[in-house]
2 protein chains.
Amino acid sequence: MAETIYLDNNATTKVAPEVLEEMMPFLRDRYGNPSSIHRFGGLVRSHIDRAREQVAALLGAHPDEITFTGCGSESDNLAIQGFYRRHGSATNIVTSMVEHPAVRSLCRFLRDHDGVELTEINVDHEGLLREDEFSRAKIGPHTLVTLMWANNETGVLFPIKKLAETVKAAGGFFHTDAVQAVGKVPINCAGDPVDMLALAGHKLHAPKGVGALYIRKGVKISPLIIGGHQENGLRAGTENVAAIVGLGKACAMAQACFMEEATRVKNMRDRLERALLTSCRDAKRNGHEGLRLPNTCNISFEFIEGEAILLLLDEKNIAASSGSACTTGSLEPSHVMRAMGLPYTLAHSSTRFSLSRYTTEAEIDAVVRALPPIIERLREISPYSNPAGPQ
Amino acid sequence: MAETIYLDNNATTKVAPEVLEEMMPFLRDRYGNPSSIHRFGGLVRSHIDRAREQVAALLGAHPDEITFTGCGSESDNLAIQGFYRRHGSATNIVTSMVEHPAVRSLCRFLRDHDGVELTEINVDHEGLLREDEFSRAKIGPHTLVTLMWANNETGVLFPIKKLAETVKAAGGFFHTDAVQAVGKVPINCAGDPVDMLALAGHKLHAPKGVGALYIRKGVKISPLIIGGHQENGLRAGTENVAAIVGLGKACAMAQACFMEEATRVKNMRDRLERALLTSCRDAKRNGHEGLRLPNTCNISFEFIEGEAILLLLDEKNIAASSGSACTTGSLEPSHVMRAMGLPYTLAHSSTRFSLSRYTTEAEIDAVVRALPPIIERLREISPYSNPAGPQ
């Protein structure tokens, strides 16, 4: 298989070679259990401590505020289920219509299964939170507001600082699924009144199988996985040492260069977007132009099925995506596009290109060359755009 | 640091080089998300499928009955919390006094936090389940019985087939924490009426950060981590592909050679045990001699603190353990030893040696040489064994 042009970095990213290098000793000879009393295991603990410092540094947090988990979905579940377990039937939850399934499905489960009061705030046609609606939400001492930092499909950013301030002023708690934001935009938990923040290693060039949850000092939640004393009693189970070390390194790398990287990636993203919107007719950007992650571009090509575009791109070894990888297999159009009010023919054709530090200008050139003929070809056989053609 | 003689394989094991080799492509270039529609991600899925078959084969199960998780503790939590969520307040749980914290602490949490009725069955002085007590336990259609296959501290085996048959005859459900058993003793889920079975990768030469739960076809539980469609809706979160592939390979390796390996390891374990019981006075084996894992040896050296033994062994680069690594830091003597009725002076001195396929005869020789002088030295300074000495 020829080299793949990988523009699906919001689904998952390449493990940085530097990250893998840091991990390798712990996959080979340093396999001790960090909870062991002997040095062979015990000395491993200092590497977990260092990783915790590295993650905390990227988030502007204290290391004691970082809990390692097995993935981003677990981080979100720990935050939300942990809050619910602590606050019980008094809990109410406020969220948005465009959250990742790890938040959206969970909140709906708690509503349907446990009777938790749930409010889902709408977004406008650009994917921005309807702040007028939000301002009317009921927020009190048993309220958890959970709103994503950046949308995985469109990259649209919610004004987290402002939202969190509103929630804190009303006496509630604020969690943010920042899985797509960490390593791409500045985050400062010490400065912003966020109570909990979830991240996933594999979205920022650490391996799959590790995540973290920031929990502000003083915020009390119950554990999700109960058992051993690990992670200060908040997450039982032998620590995934190699992956934790990798996550630490990935955070350190992001901290060192993400501003420069964001600019470079954004320039490529903008060039790709401009070229596609110019060269393909009936193409439309989804999501607010400015309030967006630097790496994400989501375009609808009206009258075409997104899956058909992806398959033809795949034939040319270009990896892109429609909705979230976590909703693959669903025949429904993306809940994000529906929430933004896109008509069916646009929602079904939304295509996401998500770049990373490893994306090259040559790869962007290749996509700019490859996509317009694909769109033309699909338009020719589309029953919608060519009424004279076969049904 | 000189080469470590690692006799703490019940805490965690070395990743088999063959396992790591299988994992490496997925940590390097094959980093796609298995849920992706493009080949770069989608083709990864077949490797997860193969790993599922390999795990199922070792357990005598169907691949559809295997759910991958992030660790053994998560597997136990998924089984027990998942059952409770499904059965609600009608649930009652029957377990033993000697379970791993992932089961014991969780069951007690559900009792104390959710009011679940909990019965904890005692063991006798050899660590065997008090079957007379078990036969009086209340078992019905909302009962989950959770009993470990093999004890992590003593290696003592519970008669799982017989216990499961009793539970099924009474209309209940049977889960077993088989984290220490998988890869060491024959397991046949198709033949034995076990409903759920938990395992952890890092106990059988797969990496940390992956586990699995066998769930018999037809047994319904709720997910613990809710969100994406992964693992048939039972465990959301992007799959930890490399670790899952590693777990599959480790299971295939175990299946190929564990009977031969068990014999070899047992011979070394028995030689170690005989030598220590002979050469150290006031030493006593903990746990039934025959009904035990082939790799585990637990000895109390009366009147000595187990931690002191471990520290002096550590000076000689021998890694052993007292209780579970998951309870390190606790000043209490092991709950397993207490449940077996050991007096304080014996319980506090219990020391576990757990071997693996990588243990050598030369390592056993070294421990047989090193330990008796350590015991003698500690006896000399012990306030208990030498009343004339300093208090």
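Predicted model, so just to flag it, every value in this text is computed and none were measured. Here is how names work: the chains are called A, B, and so on, in the same order as the sequence lines, proteins then strands, and each is numbered from 1.
- Ranked by non-hydrogen atom pairs under 4.5 Å with chain A, the options Leu106(B), Ile80(B), Val19(B) are led by Leu106(B).
- Remark: the backbone N or O of Ile225(A) is not paired with any side-chain donor or acceptor of Asn77(B) at under 3.5 angstrom.
- In this structure, Leu27(B) and Leu27(A) have side chains that are in contact, with non-hydrogen atoms separated by less than 4.5 Å.
- The local environment of CG in Asp112(A) is crowded, with over 12 non-hydrogen atoms from other residues, nucleotides or ligands closer than 6.0 Å.
- Interface remark: Arg30(A) contributes no atoms to any contact with chain B (heavy atom separation under 4.5 Å).
- Side-chain contact between Ser36(B) and Asp8(A) is present, with at least one heavy-atom pair separated by less than 4.5 Å.
- Between Arg28(A) and Lys14(B), the closest heavy-atom pair is O-NZ, 4.0 Å.
- A 4.5 Å side-chain heavy-atom check between Leu110(A) and Ile226(B) finds every atom pair outside the cut-off.
- Residues passing the side-chain hydrogen bond (donor to acceptor under 3.5 Å, both in side chains) test with Asp29(B): none are found, sequence neighbours excluded.
- Judged as a salt bridge (Lys or Arg N to Asp or Glu O under 4.0 Å), the pairs with a partner in residues 227-247 of chain A (not counting sequence neighbours) are, in order, Arg45(A)-Glu239(A), Arg52(A)-Glu231(A), Glu74(A)-Arg235(A).
- Only the backbone of Thr13(A) comes within less than 4.5 Å of a heavy atom in chain B; its side chain stays farther off.
- The environment of CD in Glu21(B) is sparse: at most 12 heavy-atom neighbours from other residues, nucleotides or ligands sit within 6.0 Å.
- Within the 4.5 angstrom heavy-atom criterion, atoms from both the backbone and the side chain of Ala319(A) approach chain B.
- Heavy-atom pairs under 4.5 Å with chain B were tallied for Arg104(A), His113(A), Arg85(A); the largest tally goes to Arg85(A).
- Judged by distance alone, the side chain of Lys208(A) and the main-chain N or O of Tyr31(B) form a donor-acceptor pair under 3.5 Å.
- Checking side-chain atoms of Asn33(A) against main-chain N and O of Ala11(B) turns up a donor-acceptor pair under 3.5 Å.
- Interface remark: Ala320(A) contributes backbone atoms only to the contact with chain B (heavy atom separation under 4.5 Å).
- With hydrogens and angles ignored, the 3.5 Å screen pairs no side-chain donor or acceptor of Asp314(B) with any backbone N or O of His38(A).
- Ser105(A) approaches Gly227(B) most closely through the heavy-atom pair OG-O, 3.6 Å.
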TODO: Start with the C-alpha distance between Arg39(A) and Asn317(B), add both sets of side-chain angles, then the distance that settles side chain to side chain contact (heavy atoms under 4.5 Å, CB included), and finish with yes or no.
DONE: CA-CA 8 Å; Arg39(A) 287 168 298 162; Asn317(B) 292 313; 3.1 Å; yes
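- Of the atoms belonging to Gln81(A), it is side-chain heavy atoms, and not backbone ones, that fall under 4.5 Å from chain B.
- Of all heavy-atom pairs between Ala236(B) and Cys71(A), the closest is O-SG, 4.1 Å.
- With a threshold of 4.5 angstrom between heavy atoms, Leu20(A) approaches chain B through side-chain atoms but not through N, CA, C or O.
- Residues Ile37(B) and Ser322(A) fail the side-chain proximity criterion, which asks for heavy atoms closer than 4.5 Å.
- In this structure, chain B has a heavy atom under 4.5 Å from the side chain of Leu310(A), while its backbone stays farther away.
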